[in-house]
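Just below is one structure, and these are the notes that go with it.
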There are 4 protein chains.
Amino acid sequence: MSDFVPNWQIPVYIATQAADYLTALISDGAFSPGARLPSERQLADELGVSIGTVRRATQILRERGLVKTLPSRGTYVNEHVRIGGGRDE
Amino acid sequence: MSDFVPNWQIPVYIATQAADYLTALISDGAFSPGARLPSERQLADELGVSIGTVRRATQILRERGLVKTLPSRGTYVNEHVRIGGGRDE
Amino acid sequence: MSDFVPNWQIPVYIATQAADYLTALISDGAFSPGARLPSERQLADELGVSIGTVRRATQILRERGLVKTLPSRGTYVNEHVRIGGGRDE
Amino acid sequence: MSDFVPNWQIPVYIATQAADYLTALISDGAFSPGARLPSERQLADELGVSIGTVRRATQILRERGLVKTLPSRGTYVNEHVRIGGGRDE
DNA sequence: GTGGTCTAGACCACT
DNA sequence: GTGGTCTAGACCACG
């Protein structure tokens, strides 16, 4: 988690870079299916970005079908994710 | 009771949605005047929301003059309620 | 936990019997020092007594120096309990 | 700020005790008119209470006319407060 | 065995 | 990086 370094020099949103970083972690099994991601505040702290950026990143993960967010509960890794392919459920 | 489905997508508080749902039940006669509502814990279970949300919903019903809450006894439907109109007592 | 059977025939408060039962569990190591006891509601369910009785029983445990209650957090087994002897901290 | 110690033994809500404590600070000039109070999260940390309790305490301060809360901005001490007397604006 | 208060901490909307 | 709402569940006071 601590080796995420946003690159401000390239024209790619930090949120997208963060989403890609988290996608890689999920793909690598750092977050198992069914596991809960750290809270938005904790992710913001650990990635060194603002909480708004984290929210945009998790929104991207939802659109990629990688996670599901339960209000006031947390964001959870979906069970049948295919990183380069289809959609969960 | 079991067909209440809170809608998290719209900017209306869940507590307000629950209060409206209970108001409709009272209006329809599902709870007669003088009847006791289910306990807050049971309402929370049946509506699928937290007990804090139920407490805010019953607070709204009190402000609408639909019910009266007796601590340690329960929450009771008022006698002379008029849903779209006046106030009890 | 499930083998507690209050004896209504003898002139000993059920709460005291429950306190003695819990004291034995702590003494036997069923609840380790620092561990949290089950919630009052759960204890009431498991022991088959009312929640008020459980509250009186835990009050007795506090007076015996066996546990410490943190409001809204739970009741915890003290660290240096001596069942037949002194007081914790 | 750090000498606030909630008293759980007396039947006065912790939120009310916290509100009284903050009222005294405002009265003593520790927070000047127009000043921003610490964030609710920081207050919760410093007072040793939960954020929900802090929110109820600031609600009380609003009802007392001592502060004004701007969502997403903070809570500010009103200009013309008279602790034992009138109301701001 | 109810309603009441409090804790801890989540996500959300907005600046 | 704030205030706002919600969750889940604890103990408390009372009947």
Side-chain angles (χ1 to χ4, degrees), chain A residues 36-45 49-55 58-59 69-76, chain B residues 6 8-9 11-18 36-45 48-59 62 68-76, chain C residues 36-45 49-55 58-59 69-76, chain D residues 6 8-9 11-18 36-45 48-59 62 68-76:
Chain A
R36 208 196 69 201
L37 295 187
S39 78
E40 295 184 332
R41 263 183 173 66
Q42 193 171 342
L43 281 175
D45 278 359
V49 299
S50 79
I51 199 169
T53 299
V54 167
R55 281 187 51 66
T58 51
Q59 170 64 24
T69 293
L70 289 74
S72 299
R73 300 300 304 280
T75 295
Y76 295 81
Chain B
W8 268 272
Q9 309 309 318
V12 174
Y13 305 143
I14 303 298
T16 304
Q17 296 181 42
R36 207 195 72 197
L37 260 54
S39 77
E40 296 182 334
R41 278 168 184 81
Q42 193 171 343
L43 282 175
D45 273 3
V49 301
S50 77
I51 195 170
T53 300
V54 167
R55 287 186 52 66
R56 240 167 295 136
T58 53
Q59 168 66 21
R62 279 189 291 277
K68 180 172 309 208
T69 294
L70 290 74
S72 301
R73 301 301 301 278
T75 295
Y76 295 82
Chain C
R36 208 196 68 201
L37 295 186
S39 78
E40 295 183 333
R41 261 180 174 68
Q42 194 171 341
L43 281 175
D45 278 358
V49 299
S50 80
I51 199 170
T53 299
V54 167
R55 281 188 50 68
T58 52
Q59 169 65 24
T69 295
L70 289 75
S72 298
R73 299 300 305 280
T75 295
Y76 295 84
Chain D
W8 268 274
Q9 309 310 316
V12 175
Y13 304 143
I14 305 298
T16 305
Q17 296 182 43
R36 208 196 69 197
L37 260 53
S39 78
E40 296 183 333
R41 280 169 183 80
Q42 192 171 344
L43 282 175
D45 273 3
V49 299
S50 78
I51 196 171
T53 300
V54 167
R55 285 187 53 68
R56 241 167 293 136
T58 53
Q59 168 67 20
R62 278 189 291 277
K68 180 173 310 213
T69 293
L70 291 74
S72 301
R73 301 301 302 277
T75 295
Y76 295 83

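Throughout, protein chains are lettered first and strands after them, A, B, ... in sequence-line order, and every chain is numbered starting at 1.
Test Leu70(D), Thr75(D), Thr69(D) against Arg73(D) for side chain to side chain contact (heavy atoms under 4.5 Å, CB included) and you get one pass: Leu70(D). Only one option out of Ile14(D), Leu43(D), Leu37(D) pairs with Val54(D) in a side chain to side chain contact (heavy atoms under 4.5 Å, CB included); it is Leu43(D).
In terms of the side chain to side chain contact (heavy atoms under 4.5 Å, CB included) criterion, residue partners of Arg36(B) (sequence neighbours excluded) are, by chain and number, Tyr76(B). When the side chain to side chain donor-acceptor pair (under 3.5 Å) test is applied to Gln59(C), the partners found at least two apart in sequence or on another chain are Arg62(C), Glu63(C). Checked against salt bridge (charged side-chain N to carboxylate O under 4.0 Å, His left out), Arg55(C) has the following partners two or more places apart in sequence or in another chain: Glu40(C). Under the side chain to side chain donor-acceptor pair (under 3.5 Å) criterion, Ser50(B) pairs with Thr53(B), sequence neighbours left out.
The minimum heavy-atom distance linking Pro6(D) with Val49(D) is given by the pair CG-CG1, 4.4 Å. For the pair Ala18(B) and Ala57(B), the tightest heavy-atom approach, listed with the atom from each and the gap, is CB-CB, 4.0 Å.
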Q.
At under 4.0 Å between heavy atoms, how does the protein contact nucleotides 2-7 of chain F? Give one character per nucleotide, 5' to 3', with B, S or -.
A. BBBBBB
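Per the geometry, CG belonging to Leu43(B) stands 17 Å off P belonging to dG9(F), to the nearest Å. Put simply, CG on Asp45(D) is 12 Å from C1' on dG9(E), counting in whole angstrom units.
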Q. So what's the dot-bracket for DNA chain F: Watson-Crick or G-U pairs under 3.5 Å, [ ] if a pair crosses, | if it pairs off-strand?
A. ||||||||||||||.
